[in-house]
Structure formats: C-alpha cells, structure tokens
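First the structure, in the form of structure tokens, and then the observations on it.
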Amino acid sequence: MAPIAISPEPGPALAKALTTTYQDTLRFYLNGTRVVLDEIDPEITLLEYLRGIGLTGTKLGCGEGGCGACTVVVSQYNPTTKQIYHASVNACLAPLASVDGKHVITIEGIGNVKKPHPAQERVAKSHGSQCGFCTPGIVMSLYALLRNNPSPTEHDVEEAFDGNLCRCTGYRPILDAAQTFSSKAAACGNSKANGGSGCCMEKGEGGGCCKDGEEADDQPIKRFTPPGFIEYNPDTELIFPPALKKHEFQPLAFGNKRKIWYRPTTLQQLLEIKSVHPSAKIIGGSTETQIEIKFKALQYPVSVYVGDIAELRQYSLNGDHLEIGGNITLTDLENVCQEAIKHYGKERGQIFGAIHKQLKYFAGRQIRNVGTPAGNLVTASPISDLNPVLMAADAVLVAKTISGETEIPMANFFTGYRKTALAADAVLASIRIPVTQKNEFFRSYKQAKRKDDDIAIVTSSLKVRLDDDGIIQACNLVYGGMAPFTVAAKNANEFLKGKKFAELETLEGAMNALEQDFNLQFGVPGGMASYRKSLALSFFYRFYHEVMLEIGGNDGKADAEAAAELEREISTGKEDREAAAAYMQETLGKSNPHVAALKQVTGEAQYTDDIPPLKNELFGCMVLSTKAHAKIKSVDFSAALDIPGVVDYVDKNDMPNPQANRWGAPHFEEMFFAEDEVFTTGQPIGLILATSANRAAEGARAVKIEYEDLPAIFTIEEAIEKESFFSFFREIKKGDPEEAFKNCDYTFTGVARMGGQEHFYLETQAALAIPKPEDGEMEIFSSTQNPNEAQVYASQVLGVQANKVVVRVKRMGGGFGGKETRSVQLSSILALAAQKTRRPVRCMLTREEDMIVSGQRHPFMGRWKVGVNKDGKIQALDLDVFNNGGWSWDLSAAVCERAMTHSDGCYLIPNIHVRGRICKTNTMSNTAFRGFGGPQGMFIAECYMSEVADRLGMPVEKFREINFYQPEEPTHFNQPLTDWHVPLMYKQVQEESDYQERREAITAFNAEHKWRKRGLALIPTKFGISFTALWFNQAGALVHIYHDGSILVAHGGTEMGQGLHTKMTMIAAQALKVPLEDVFISETATNTVANASATAASASSDLNGYAIYNACAQLNERLAPYREKLGPDATMKQLAHAAYFDRVNLSAQGFYKTPEIGYTWGANTGKMFFYFTQGVTAAEVEIDTLTGTWTCTRADIKMDVGRSINPAIDYGQIQGAFVQGLGLFTMEESLWLRGGPMAGNLFTRGPGAYKIPGFRDIPQVFNVSLLKDVEWKDLRTIQRSRGVGEPPLFMGSAVFFAIRDALKAARAQYGVEATVGVDDGTDGLLRLESPATPERIRLACVDPIMERARVLPKEGEKSFFITI
C-alpha cells in the first residue's frame, strides 16, 4: 500500500517553454461520488490510490496486468465509438492521470453483503469463490461485460474472463454462474446452467432449443433468473454521472521534483510537449511502461498520458486503405476490423480478419481496453502479435512532429532489438493499412504456451498476390519471435516471386528458403530453437494449403486438413448433486456455499495486506541475492539510507545471537539472512525499511553487494554427476526383486522425469508485525498455513518466549503448501525489524519476489526397472527416486518419502525395491505443494505402466486392470487396502463416459486424419491421508457458547480457500443442533489453540473436525439436563441461559489424535496412513501436430471421498485440484537463465512468462461425480468423510497421458513405434517428459516438417534456458 497524495513540487521544466496553460487538478467519479484531487503523487497507480484510501477489495496479484485480481471498471465517453463504454481495466497498471473525467467503479461500488449485485450473488451461491483473492477482479470483469452487453452470448461470457486467473476453483463454477446471464440461459430455463434438468438442446435430442421461435427477433430478450437468485435488471445499475457527460477535458500537468505527468487533450499540445521534452515517455495503456518501472526500475521523469486525445482515436474507411489513429484502443480496433470487413467485403478485408484474429488472443480484455497499436509498434517487441500483420500488409506509419509529418513504411520501421526509426520528438499519429487486393491472400498465425492471454512464441503474417495464371506477383512472409525484431523472410520472399503457386515444388522451395532465413542456433536467445523453426515452417505449410483450397486446389495437391486450426467449444460440465442424498443430515452433507463467499465477492473479505495502515508503520523490502552461488565480499547499504523515506536496514547482525539466524527443523541449516555465502538467487541478505513500499523497493535496489562467483548446480542430472546430495537415504524393500527379475519373462527399463511447479497463489506471501510496549510482546498477522511455526521462529529471532508472540491468520488468498514453511521466513524477518525499530512493519512480496524466494514443487526423476510376465502381471520393480531439493532441506525428506510410498500407483507389485535421494542444488529451496510428493511418485508409476504396456503390445487400460490391487492386499509398505474402490470406479467411469465407444471412434479418427490426433487415457489414484511425521497428526479446538445462543469456534486449522472453516462450522452446528448461521469462526490464532499442526496433508478436516466434535460432545453432555428439562424445542439461547445461571461451563476444549498410525522406516512395519482417498479419471484430448497445440475435449472424474461433509466444497476441491494438475503436467514450466548478467536467475517469475491454466484451458466437457452406494466399513473419520484437498491433483495427469496416447498415433503414422518384447533404448518408444508443453508435443512428432526443423547442438553448445 502506498500513500495517496503528496504535495506537488513542480520542477523548472513544468510548462515554462510550453504555450498551453495546464491545470493541476484531477476530477473524476469514484463509485458514484465526485472526487477532486489537487495533491497527487505522480508515481502511484490507480490501484495504489484505491487501496490507500481504504478500498481494499481491489487486489494486487501480480503488478503486471497478467492475473486480473486488480480489475476495476472505468466508464468513459469513447471518442472512437461516440458512446459510453465500461472498460475493465488493470488498476495495477493504470496511471492516476488516466482517470480524469471518468467514472471509476470498484467491487465496493456495485454491492455489499447485505445487498449484493446479481453478479456477486451468483458467483457466491454457485461456489465460484474459494480463497476469494481473485474473485473481486473476476466479478468486475463480469460486471463490465453486463454493463456493455446486458444479454451476452455464451461466447461473450467465456471471452470476458480472458484476462483473469484463478488458482483455486478450476473455473467451472465461475463459468456456470456467469452463464446464467447469457442469452442462451435467457432462452431456456431448463438449461443445466440454470439449475434445470437440461435443455433438449443440451441433451442432444436435436430439433433445436425448446424456446426457438417463441419470440420474434425484434422482441427484447426475457432474462431467465435461476431459482433463488436476484434478478438482474440493467436499469438499476450505477448511472454514468451526468456531470461527466459535460466534462471538458483540460490539459493537465502535475508532479514533483522526481516526476511530472502531462495529460494533453489535443495532438498539437502533445507535439509541443515532445518538442520541449523529446525523451518524454508517451503512455497510452501503460501496459508496458508500468512493468518497466516496477520490475526494471526504469525512471521516466516526464510522462505524457495520451489516452484522452480524441484525434488519435479516430478511424476512416478510405477507398484503398483503413486509417486508424495510433492511440485507438485494441478493443475498438477489434470492432473497427469487423466493420471494415463488412465495408470492404470478405476478399478485400482479409487483412482486417487477420488483425481481428490476432487481437482475439492478444493479452486479456483489460489490456485490450487500454493498449494501443502505436504503443505496440513503438515498444518494438520481437514477439508482438500485431507488428507482423502490419508489416506483411505493407502498412504505412504516419509520424508527426511540431514541424511536420513523415510517412514511414513498416518495412523500414524496426532497426534493431527494441529500436525503431521514430524520431525522438515524433509521435506515431496514425497507421494506414492497405486493403487486400484482387487475387491476394492474407493470413496470420500465432503459437503461445497458452491460448488466451499469452505472449507469442512465434507469430507470423503471410501474404501472397497471384496473377490470373496463378503466378506469384508479390509476397510478404513476416515473422515475430524468429529474430531480435519483426522480420520478413527475405530468402523465401525472393524465391516465391514469379513461381507458379500451385506447384508442390513451390512449397518445397519456399520451405527450403525459410530454413535459410531462420537457421537458428541451438543456444539462440529465447531458447526453443527446434520448436520455433518448426513453427515457421508449419505456419507457411498451413498458409500454403489454405490458399490452395481457396484457389480451388481440389486436384489432390491441397492438404485440406492442414488448413484448419484447432478451436474449442463453449465449455460445459455436470456434477452429481445427489451424491450425498443417502446420508444428508440437517447440516452435514448439504452443499452450503463457502461461509466467506459473499464477503469475497463483495470485496469485504479481509486479507493480511488489507489491514488498515497503523500509525508510524514501516514497509519492508528484502534485499535478495542475484547470484546462484557466491561468496559475499561486501554489503554497502549507505546509499539506501540516503534515500528520503528510507528509515533503517536490518540483517544478520541484528539477530540476538548467531543461532537465532538459523531455521528449518530438524537440521537448522537455513538462514533468515545470508551470512558469508549465498546458495541461490533470491536468498535474503537484508531488509530495507521505509515509509512506503515504493521507497523501500528503491532502497533495496540501492544496496550494493559485491560477490565472488562459485560453481552452481541446477538440475538433478548435474547433482547426480557431481554427487551433490543431502545426507538422506530411504528405502522400501518387499519380497525378493533380484530373484524375481531372473524368473520373469521380460525386463524393461526407463526414466521418468517431471519438472516442478510454482504455487502461484494469487495472494503472495504477506505479513504484518506489531510490537507491543510491554514484555517484548509481538503480534503478527501472517498469510501462513502454519501459525505455530511462525510463532516458534518469531520468538527465536526476538529472543523472547513463545507466550509473548501471537500469530493471527484470518484467511489466505491461496496456499497449496507454499505457505506451510516458506511463510515463516518473511514473518520472522518482519518481527525482528519491528522489534528493532519499535514500529509496526508490513510487507507483501511482489509476484516476482515471491516466485524467486518461496520455492516450488520438487522436480523428480525416477530410474526404473520392471519385471513382467507375458500375461501382463508385474513381478518386480526396482526404482531409484531423486528429487531436486534446492539449496536447503525444507520438507524435501518428507516429500521424497511420500513419493516413494506412492510409487506403486494402484498396482500390486509383489517384489519391490525403492530407494530415495535428495539432490542439493542452487535453486530456491523447494517445498510443500498440494500432493507433497504423491503426484510425483504416482507419475513415475504411470510412466512405467505406459511404457511397459507399449513394450508388451497391450492396451495400457488392460495392463492397469490386470495389476490392480484387490481389497485387503498389502502395499509395498505392508499396509492392507481397506475400503478399496478403485477397481469399481475404474469400471464405472468407463461405463459412464462411454469409454470403449470413444476409444473406437478415436482409432477411426486418427486413421483418417494426418495432422489432428486424438488420445484417451484412464488414470486411477490412491492418496494416503496422514502426516508421515506421526506427531503432526493431532489437533485442538475451543468452542464457546454465549448467552444469546451464538457459538464461537476456534481450531488450529487455517482457511486458504479450501472451505475448512465452512466444514468446521457445519460440524459444530450439527453436533450442537443449532442453525449454521449461529456458528462463527473468527480467525486462527496461537493464543486460542496452541501447538497446532500446519494446515496440510489433506488431514485438516479429519483432525480439526474431530477436535471440534470432541469439544461439542463435552458441551452436549453438560447441556443434556437442560435439554431434558426444557424439552426438545428449546433453543440454544434458552439452554445457554439456564446453564449459565447454574454456573455450568459453556466453554470446552477439544482434542483429537489419529489412532493406529505409526510406520517404522527400514523395518517396513506399522501403519503409514489412516486411509487412502481414491479416484479414477478419463480424459480425452485433440492435438494439432503441426503446432503442438492441444485441447482437452472431455474429462470425467470420479472420486471416493467417503460421506461428504459438504459436496459443493468437495466438488470445488476436485475441480480446482484437477486443473492445477493439468497445469503441472501440461503447461507450467520453470526456466532459469544459463548465461549473461542474470545467469542462474529464474526467468519465469510472473504471469507473463509462467503460464497457469486459464478459463479456456479447462476440459470442454468437465464432469465430476462422487462415489456413492457403497459401504465404508473401515473408515473412522468425522462423518466417515475422506480428505479431498490433494488427492484429485494427480487426476490432471490423465490429460498428459491422453496427449501421450495421441502422440503415439501421430508417430505410428510414420512407422515409429515401440518394439514389442525388447528393451531397446533407440527404438520408437515414446518417452515423454512432464510438462507436455506444446513444444514437447511438437518435438515428439516425427513428420517431415518436424524432422527438417530439428536443431542439434554444436560441440559444447548449450540451450539458452536451464530446465530444472
């Protein structure tokens, strides 16, 4: 949070040489109220302003416009369309100067808990909110859609969220809520989205919708309001303030000696400013500039906001070209392109179709609402989506200066990396885009890691013009992502001229020429040499055949299939809402919404950094290592202390003793502050304290550190080669593997490899430490899953007893294991700083800081040997498991142990020997992440199952079934499997998903299609529930009954979105026989429940639920006489009143410890887990082998969660975990820089480079059900429910294995297959590493285009990036 205003101190440059008179007052409306500001900090964003005045519903998620958590709506008169437009905008990027004359609407402005907006209410009641941190931004995107279009189509609804991310929900419930506003929902009340039984259209009965023809086209659409929801009436929305309709935009100038903002309102004023300040930064959407300021620390002393210059936002449809103002927004450009296609016709408007296609996947809607083509051009990004289109079209740029106008052909505009031919004092005023000529063909293509809101890997725009004989008269093949700037393929362009297009020799010759144009080296900057080269060739191949089809290439020369790109349908899904019917009680078993859902959707839910500023508060910013491994020669922080606002510097020397600087049980080798050596980038060296977050960050950058580089290790393979291991070795041995290998029919070997995963909780690590005036007390508010450990280590660094430290957690904006131990580092450092300065200290890490500091899921490698007989029965497994622990122990040992215990998958292997090691490397210390080694172990298992099945020539589905555990059979750690339902669910999922019929259809499809392949996979899971460290399997609870009959519950678990508090209140309400609304959980705190275990291991409902039940049982026993006396209808208020006057204790402390468990390593005895949560998933994918693009067409998930406490919460956990697993196994890839000044640093440090699944990455058909109609004889948990947080995550691997299945078909087409019965390392067996990114998918293909594109390293040459 930043201060909202400072007195302007105009520098001498302000307006002295300018003829225009500039005002210095901002006038705008905020949530319907007029705001006038004349003291404005020129360096703060709209988000910092809003949060600074207490509107904390708008969140900071990434600071780069990539997550949408900060979305607000800015309503304004649009000079392009001459209409009011309600723009969803990233407040984290928007300069305050941009809101003058506009109406800013935040989440607080549209509704509250007592009177929510229909969008807020429907998201809450549809279970579309879990941690809730992303929710206000998502609601505001939906609100913007409805304000601009009260009757959106289904497609409009899905597209509205392309700039928003959510890490918890799996998106399905959000889309279900939003689709209730769509015109399809309006048309049919029976639709599933509306809670109906299903429209005839959805049921596939044909004949159109039952509502078709009921209303004439000219009739207004009657909105259908789902039962129980508030009706949406657009007429009741906040009006656009009438005063703003009359607002006259005056030239503005404001600032201080550090920075000046200008806001001209005419082009002439802008040109005058540029003549006086040639280096002034022109800002339209600030989508690039704010990132440069925030992450690259670039300074722009003079900035000019040009978004309100109407002249730069006009367009004209001329005879042979469209002219657009340089500052037209990309959203408006989308609409202008559609208008141009109608105006010029489809043939002449091809160029505008190409622009529109690129804009559809250009960033998110929030960026397109403010981004401009001029900004895109001047930024000169080598991977711009728009620049290749303009260059290929031979567009002309009109540049203006105070002295005149210059026309710059696009071909001459880019002069180098991020350099252009635009003069320093010039402004890009307009762009002239020629219409497509007769016999001209124009197409554009883009490939990225993720379909929506992603920067391109390669983008291209291709144009050819033919004469009447089919001879190429002119052509322009332009590519982005193949060079340091947008380039034309010179050799290919020259080759094509004069050639007859419809000759295959022309295609072959052009491909050869493209290989010369883009002869990338293996170590090319940006990496992915083979993939990028293959995309350049594939795009042209696709273009060639698209054109062939258009000119009538029906003579067999046209490859029709290559022309079509992979598109996805509107996503749908269903859940079995009757799953809990058999055991539903008054409260338990019901699908109640998350208890905080309405608070989250209205922005009222408070997170750590939302706590109002305290008097004298300081902001911390960590000084982090920039070297992967080095000695610290010196640290000089004197320059930082000279910065106004910087107050102090804290480091290891402020610790009470050297041992206090050590943390991380049981080895205590990690340091809060680095001492003489750093072992990874992002290791804290010190902490700068300042009066604002921005000043603290500036101070941290000013600290000078001198290093002496030391050798660094990054990968598992390097660690094995250099024997860099932690002192850890575990093994599980059962049977006699050595003897079994001698006697089995086949022995096969292989290696399974998977990368890590960034948690990407939307709320980064955050804490606030408040020193108390007495006894060394400290109060800490922390976003942590582990308040107890935060308390322990804070007391250590403060040199006080634990009873002097209180740690409080209201809620987290996501955790997923990333806040189990790694949160302790920040809270302890802040506590020390607060003690030193005797002032409150707060810090919320930036997304970049969080990603380089906090650790990831452990990358794993498994070297396996499997012995199997001809009948498919596995006889033996020998497995070496290696995990990449990073630079310190953290929880790597426990993660490795869990991976070992799950490396059998769901399969009985009579003879097994598993060994585990932890690699010591120079990455951040890897840590807990949802699944905690379980998914890695099961992934290794499914890899050997898949590869061995291929070696046997047997369908892998059959191979799995042959080897399934049967009930009561023991695992390799000698635990019998009770309540074992995997074989049953395996059968049910196949039947319910029509698996066999779809398998046959896929086989037929693959036989008929060359470039499209489909795949299908059926994956089971079993996940052990219990902490493997025995002592953590305990919990405490405190339950108070007050006079008025209300109940306050405290327990040791923390709420991070998983619905723990919701389930706990339900358990208490059921146990005490009171309405759910009478039970409240305020927070988790160390002074109410002491010594609590971390909220982790999917065991929190079991542990805390039973502790609460235990406390309630005590209270029920005390209240029993009063129930008997007052009768069964007595309210809790009456009971409590009577008991109180009889001096009966109405508070109870509950406790629970998991019985029976306790495993002994080495001896391989004892019970490891209390039970196993199980599941089976079928997934189907379709891949475009030309590009590596894929889509999941369908997923069917069935989980055995026992008797569900709350099915809606459990469905949310299953959907969210599945999509997180889908990300892990298909798209989330961490990359480190190998060379240069940033060598050893994480490259993927924000949503721009690190891609988690978005709204349109989920399965197109997403079905989830819970196992029902079975007995759970051995399950002795609360309500007989099973833990559900982690187990479904591995189900996402079904998509990975479906991709593998599709790739097998693609390779078999060219005769590349596994040799049956032979362990051959050189044959066609597909060895696919995780994640199966589009790059890995394409590289696994063996078609002629891919083969000619492969780039091999020269001797000693290494890739640009390190993949861990």
Side-chain angles (χ1 to χ4, degrees), residues 620 622-625 632 650-680 682-687 726-728 765-767 769 776 778 780 782-802 804-807 809 815 817-836 841 843 845 849-850 852-856 885-895 918 920 922-928 1029 1031-1032 1086 1091-1096:
M622 289 196 286
V623 178
L624 303 173
S625 157
I632 299 175
V650 180
D651 65 6
K652 66 182 192 314
N653 298 313
D654 294 297
M655 289 286 176
N657 56 69
Q659 198 53 42
N661 195 36
R662 300 286 173 141
W663 70 289
H667 304 282
F668 298 98
E669 68 160 24
E670 191 161 354
M671 293 147 276
F672 287 113
F673 292 115
E675 292 172 354
D676 303 314
E677 196 174 329
V678 291
F679 298 93
T680 184
Q683 190 176 342
I685 293 170
L687 181 78
F726 287 97
S727 178
F728 170 91
Q765 304 277 359
M778 186 71 65
I780 299 171
S782 178
S783 181
T784 181
Q785 294 171 239
N786 201 344
N788 175 56
E789 196 162 302
Q791 177 193 34
V792 167
Y793 284 112
S795 71
Q796 175 182 302
V797 301
L798 296 172
V800 300
Q801 290 178 303
K804 308 292 196 307
V805 178
V806 178
V807 177
V809 184
K819 296 175 180 176
E820 183 176 346
T821 58
R822 305 315 296 171
S823 57
V824 169
Q825 186 176 46
L826 180 64
S827 59
S828 301
I829 287 172
L830 295 188
L832 179 66
Q835 184 190 55
K836 180 182 180 183
V841 179
C843 177
L845 298 186
E849 289 168 340
D850 192 282
I852 62 177
V853 165
S854 64
Q856 300 190 353
W887 80 275
S888 73
W889 279 89
D890 194 76
L891 299 169
S892 298
V895 168
I918 305 169
K920 188 173 188 176
N922 296 108
T923 72
M924 71 282 277
S925 187
N926 291 319
T927 189
W1031 58 89
F1032 287 138
T1086 54
N1091 309 318
S1093 299
T1095 306

Between L832 and M655, is a side chain to side chain contact (heavy atoms under 4.5 Å, CB included) present by the stated rule, with each step listed?
CA-CA 8 Å; L832 179 66; M655 289 286 176; 3.8 Å; yes
For A1096 versus E820, what's the shortest heavy-atom pair and its separation?
CB-OE1, 3.5 Å
From OG1 (T1086) to CG (N786), nearest 0.5 Å:
11.5 Å
Closest non-hydrogen atom pair between G799 and P656, with its separation:
N-CG, 4.2 Å
Separation between CD (Q825) and OH (Y793), nearest 0.5 Å, reads 12.0 Å
Spacing of CD belonging to Q765 relative to CG belonging to L845, to within rounding of 0.5 Å
6.0 Å
Please check if atom CG in N657 has more than 12 non-hydrogen atoms from other residues, nucleotides or ligands closer than 6.0 Å.
yes
Closest non-hydrogen contact found for I632 with A674 is CD1-CB, 4.0 Å
Hey, what's the ring geometry for W889 with F726, parallel, tilted or perpendicular (30° and 60° as the breaks)?
tilted
Exactly one of N653, I829, I685 clears side-chain contact (heavy atoms from CB on, under 4.5 Å) with F673, and that residue is I829
Could you walk me through whether Q835 and M778 pass the side chain to side chain contact (heavy atoms under 4.5 Å, CB included) check?
CA-CA 8 Å; Q835 184 190 55; M778 186 71 65; 4.1 Å; yes
Step by step, would you call E849 with M622 a side chain to side chain contact (heavy atoms under 4.5 Å, CB included)?
CA-CA 9 Å; E849 289 168 340; M622 289 196 286; 5.7 Å; no
Are any side-chain N or O atoms of Q785 and backbone N or O atoms of K819, one a donor and one an acceptor, separated by less than 3.5 Å?
yes
Got a sec, which residues hit salt bridge (charged side-chain N to carboxylate O under 4.0 Å, His left out) with E675, two or more places apart in sequence or on another chain?
R662
Treating N926 as the side-chain partner and Q856 as the backbone partner, does any N or O pair qualify as donor plus acceptor under 3.5 Å?
yes
For I852 and L624, what are the C-alpha separation, side-chain angles and deciding distance, and is it a side chain to side chain contact (heavy atoms under 4.5 Å, CB included)?
CA-CA 9 Å; I852 62 177; L624 303 173; 3.9 Å; yes
Output yes when a side-chain donor or acceptor of Q791 lies under 3.5 Å from a complementary backbone atom of P787, and no otherwise.
no
Is there a donor in the side chain of S925 and an acceptor in the side chain of D890, or the other way round, less than 3.5 Å apart?
no
Here the gap from Q796 atom CD to F672 atom CZ, rounded to the nearest 0.5 Å, amounts to 6.0 Å
Drop me the distance from L830's CG to S782's OG, to the nearest 0.5 angstrom.
8.5 Å
Considering all heavy atoms of both residues, which atom of S892 and which atom of G885 are nearest to each other, and what is their separation?
OG-CA, 3.4 Å
Backbone N/O of T680 and side chain of S625: donor-acceptor pair under 3.5 Å
yes
When you compare the side chain of F679 with that of M671, does any pair of heavy atoms fall below 4.5 Å?
yes
Do you know which two heavy atoms are closest between S827 and I780, and how far apart they sit?
CB-CG2, 4.1 Å
Does D654 use its side chain to pair, donor to acceptor, with the backbone of D651 at less than 3.5 Å?
yes
Atom pair CG (L687) and NZ (K836), whose distance is rounded to the nearest 0.5 Å:
9.5 Å
Side-chain heavy atoms of T927 within contact of T821, under 4.5 Å:
yes
Test item: side-chain donor near acceptor, S888 and E670, under 3.5 Å:
yes
Between K804 and S795, does any side-chain donor sit less than 3.5 Å from a side-chain acceptor?
no
